[in-house]
Amino acid sequence: MTTTVTDTQVRVRVRVAVDAPQHSGLSEPLDYLSERLLAPGTLVQVPLGKREVTGVVWPHAEGAAGAELDASLLRPVSSVLDGLLPLSASWCELVSFAAHYYQRSVGEVALSVLPPQLRLLDAAQLLARLKRMTKWLAAPPEQVPEPMRPELSGDQAEALLQLDAALAAAAHPETAGPPAPVLLYGVTGSGKTEVYLRAAEHALDRGQQVLVLVPEINLTPQLEARFNERFAAHRIVSLHSGLTPANRLRNWMAAHLGHAELVLGTRLAVFASMPRLGLIVVDEEHDPSYKQQEGARYSARDLAVYRAHQLRIPVLLGSATPSLESWQRAEEGRYQRLSLPRRIGGGALPRVRLFDMNTLPRAKGVTTVISPPLLDALRERLERGEQSLVFLNRRGYAPVLHCTECGWKSGCAHCSAWRVFHKLDRTLRCHHCGFTERVPRACPDCGNQDIAPLGRGTERLEEQMAELLPGARVARIDADSTKLKGALETQLNAVHAGEVDVLVGTQMVAKGHDFRRITLVAAVNPDGALFTSDFRAPERLFALMMQAAGRAGRDAEAAARSEMWVQTWHPLHPLYQSLRTHDYAAFATSQLAERRMAGLPPFAHLALLRADARTPELAKAFLQAAADWAAAMPEARQVTLYPPVPMSVARVANVERMQMLVEAASRGALQRLLWHWLPELHALKREHKGVLRWAVDVDPLAI
DNA sequence: AGCACGCCGACT
DNA sequence: GTCGGCGTGCTC
């Protein structure tokens, strides 16, 4: 640290991470002057150009002191947000790692994962909030009777026994080596949650804090309820973007000050400041929502593993259908795999029936929604007073309208996509840009009155189910039916209360909800994902199907009669064959073999360079120039640069989107190339005027 | 990202 | 004569 003496004042040079977007070229913390020493992690207000921004005092990088600006050019720190304990060095290090790995500025990441309110408050206001939080905390947790802890199954006890070593070692992080991440592989209903709870208990008993990550907080109310019930005597806070700004700040501060012992949150919670963190749980670790899709495109699951390693604490990754990345690491022995292969109470997994759609008589132009045998199975449930779930991963009434006369289709004027027909409000809606119009009375091209829906979505399925099953109470849950606040909860309660016989829904209902009375789950038309170019589509489909199947027969008594029906044109497809026998391991083995052959993750590492422009040519020219520059780098020998291609939906809101895939055998090689590439990309953007924006996505989910 | 500066068209 | 359009460029 440099200090300069001017007159009587000692002025200290401090580095401050500010939210200067990456494309401004200011990717590292900036230098300021302070009249006193400021601990790294302290929040400050600093001048940036003409405005005042919030920043975080950043630790000095080890060793390499880059080109230092002349102290006389530096501006002083405006104010210090005293009163808030500085963020820890390990927190800064986590943020710094994430920023570098995902190629964003340190300040952008730091400020985007802190509660937004923190930027708006001055020192006095912050103090007031702290006082209010302390008061809130002072309300003692209600005195509750010792929570009921269910008897452990043999599998659970075994898993916990094995976990014990890691948990015990973690109590002495300074002496033990970092424990290997634990992959808790357990079928739905096998009691993964109980293992999370017991592991959390261990950590809490030692006075440590526990971080529990879930894919989407509103989709997992039951997990939240279980934690609240078990740890009623402890302080639990949630952390996700749906909180009001004031509550998010309050909960964040409670965790930061160590008052909250348990933090339950979505991906952004992986950055929660927790001084005594002793355990991280990642539930449904395979879930795609752990990957942030804008700004810094981080994977919360991967960062959880990094953070656990950094702190030498255990991390528990739970899933019935682990990501192939995690599965492969378990195969290699880098992760410790603990299995819960049986359902609690010996309940059977639902029998999976693959219905071959080819066996139906072909009526020209008519596609059968529900095959006769499936219809019979649904009727049977209806008669027995049991519930059924009919799953279709497409919302709206029909994905497209078309004119039977001239062939017109309901395309979007601004996107290369069809507008979806929503019958309820008689609109055509583009699911990409939101462009909405009333359905035309006649074909806009030829005036023909006969325009018809093509294909089907959940709205239409709901309607057809009501026709096919007269008297049945049919309900639908999807993003449209749950738009209003609280609607999801109301609708779920209706299902739980037995007011619904047949539930139609998208993947929303396949995840997490525990429906006791459902004994039949049917996937009406899941084939679409089998033959797409997205290499992760089969993995997602398998996970979704397994999850959907898991909705049936949660009740042990009903499990024997529980079935999952899959209507398919490809019943012999290996994916469905593995599904039929609930054999995730077989599925993973075959998928991993394919990935290895194709040089795809987890056997290769990917990054995408995307560019948005007014015309595809402009976007392509930028990417091509970027590729040409990269190809001349020495690092390029260890990476493969693929030609720029349009994204699967090439135009959204009149912006043309192209992308280029970069592949490398090693993470390091990819990182080195990106490191050199990014400054050049900033420069190239200036030359390519038509390019609206560009972005790098490291470890993309879809290509 | 903000927020300047900067150099050309329709208003009091 | 000025108000303001958003192109270009900088922020320790």
Side-chain angles (χ1 to χ4, degrees), chain A residues 1-4 6 9-61 64-81 92 95-96 98-100 102-120 241 245 292-298 610-615 618 622 653-655 678-696:
Chain A
M1 189 168 298
T2 333
T3 59
T4 35
T6 59
Q9 267 185 342
V10 177
R11 299 203 298 170
V12 189
R13 184 192 284 261
V14 287
R15 302 178 76 220
V16 179
V18 293
D19 187 8
Q22 155 229 40
H23 58 258
S24 61
L26 305 177
S27 63
E28 291 299 307
L30 305 179
D31 287 337
Y32 289 88
L33 294 175
S34 167
E35 291 178 11
R36 58 188 169 97
L37 275 170
L38 294 173
T42 305
L43 289 175
V44 291
Q45 298 280 129
V46 291
L48 180 66
K50 293 279 166 174
R51 64 209 162 106
E52 287 286 317
V53 295
T54 301
V56 183
V57 175
W58 214 249
H60 280 76
E68 284 212 334
L69 246 63
D70 189 322
S72 64
L73 297 173
L74 304 184
R75 303 169 72 181
V77 168
S78 311
S79 65
V80 179
L81 278 91
C92 293
V95 166
S96 180
H100 290 118
Y102 294 105
Q103 308 291 333
R104 310 293 295 199
S105 85
V106 168
E108 182 198 359
V109 175
L111 274 296
S112 72
V113 300
L114 289 172
Q117 278 239 302
L118 220 43
R119 312 185 192 207
L120 306 171
S241 56
Q292 172 89 28
Q293 289 299 350
E294 59 212 10
R297 295 169 170 251
Y298 60 86
R610 299 181 204 277
D612 290 357
R614 281 286 165 225
T615 70
L618 289 167
F622 170 77
N654 287 322
V655 170
L678 254 77
E680 183 59 23
L681 293 173
H682 292 300
L684 271 178
K685 161 86 158 66
R686 290 157 171 260
E687 294 167 31
H688 291 254
K689 305 279 183 220
V691 175
L692 299 167
R693 60 190 153 254
W694 60 271
V696 170

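Labels below follow one simple rule: chain letters A, B, ... track the order of the sequence lines, proteins then strands, and each chain is numbered from 1.
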Exercise for the section: Give a yes or no on whether the backbone of A:V12 and the side-chain of A:R36 come within a donor-acceptor separation of less than 3.5 Å. Expected result: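 Not confirmed, A:R36 side chain does not pair with A:V12 backbone.
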Practice task
Output the residues of residues 104-112 of chain A in contact with DNA chain C, where contact means a heavy atom of the residue under 4.0 Å from an atom of the strand; sort by number or write none.
Solution key: none
Rounded to the nearest Å, what distance is computed from the [atom1] atom of residue [X] to the [atom2] atom of nucleotide [N]?
{"X": "A:L48", "N": "B:dA4", "atom1": "CG", "atom2": "P", "value": "13 Å"}
{"X": "A:E687", "N": "C:dT8", "atom1": "CD", "atom2": "P", "value": "13 Å"}
{"X": "A:L692", "N": "C:dC6", "atom1": "CG", "atom2": "C1'", "value": "15 Å"}
{"X": "A:D31", "N": "C:dC12", "atom1": "CG", "atom2": "P", "value": "11 Å"}
{"X": "A:D19", "N": "C:dT11", "atom1": "CG", "atom2": "P", "value": "17 Å"}
{"X": "A:H682", "N": "C:dT11", "atom1": "NE2", "atom2": "C1'", "value": "15 Å"}
{"X": "A:L74", "N": "C:dC12", "atom1": "CG", "atom2": "C1'", "value": "6 Å"}
{"X": "A:Q45", "N": "C:dC12", "atom1": "CD", "atom2": "P", "value": "14 Å"}

Problem - Considering all heavy atoms, the nearest A:V691-A:A613 contact - result: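 Minimum heavy-atom contact is CA-CB, 4.1 Å.
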Below 3.5 Å, can you tabulate the donor-acceptor pairs from side chains in residues 37-51 of chain A to any protein atom, sequence neighbours excluded?
residue : atom : partner : partner atom : Å
A:T42   : OG1  : A:A39   : O            : 2.5
A:Q45   : OE1  : A:T54   : OG1          : 2.8

Who are the side-chain hydrogen bond (donor to acceptor under 3.5 Å, both in side chains) partners of [X], not counting sequence neighbours?
{"X": "A:R297", "result": "A:Q293, A:D697"}
{"X": "A:R75", "result": "none"}
{"X": "A:R119", "result": "A:D19"}

Exercise for the section: Under 4.0 Å between any heavy atoms, over every strand shown, what does A:P47 touch: base, sugar-phosphate, or nothing? Just pick one. Expected result: sugar-phosphate
Exercise for the section: Would you indicate what A:R75 reaches in the nucleic acid, counting non-hydrogen atoms under 4.0 angstrom: base, sugar-phosphate, or nothing? Expected result: sugar-phosphate
Handout entry: Under the side chain to side chain contact (heavy atoms under 4.5 Å, CB included) test, residues paired with A:L74 that sit two or more places apart
Key = A:R13, A:D31, A:L33, A:L69
Exercise for the section: Consider the side chain of A:K689, meaning its heavy atoms from C-beta on, and name the nucleotide among C:dT8, C:dC10, C:dT11 that approaches it most closely. Expected result: C:dT8
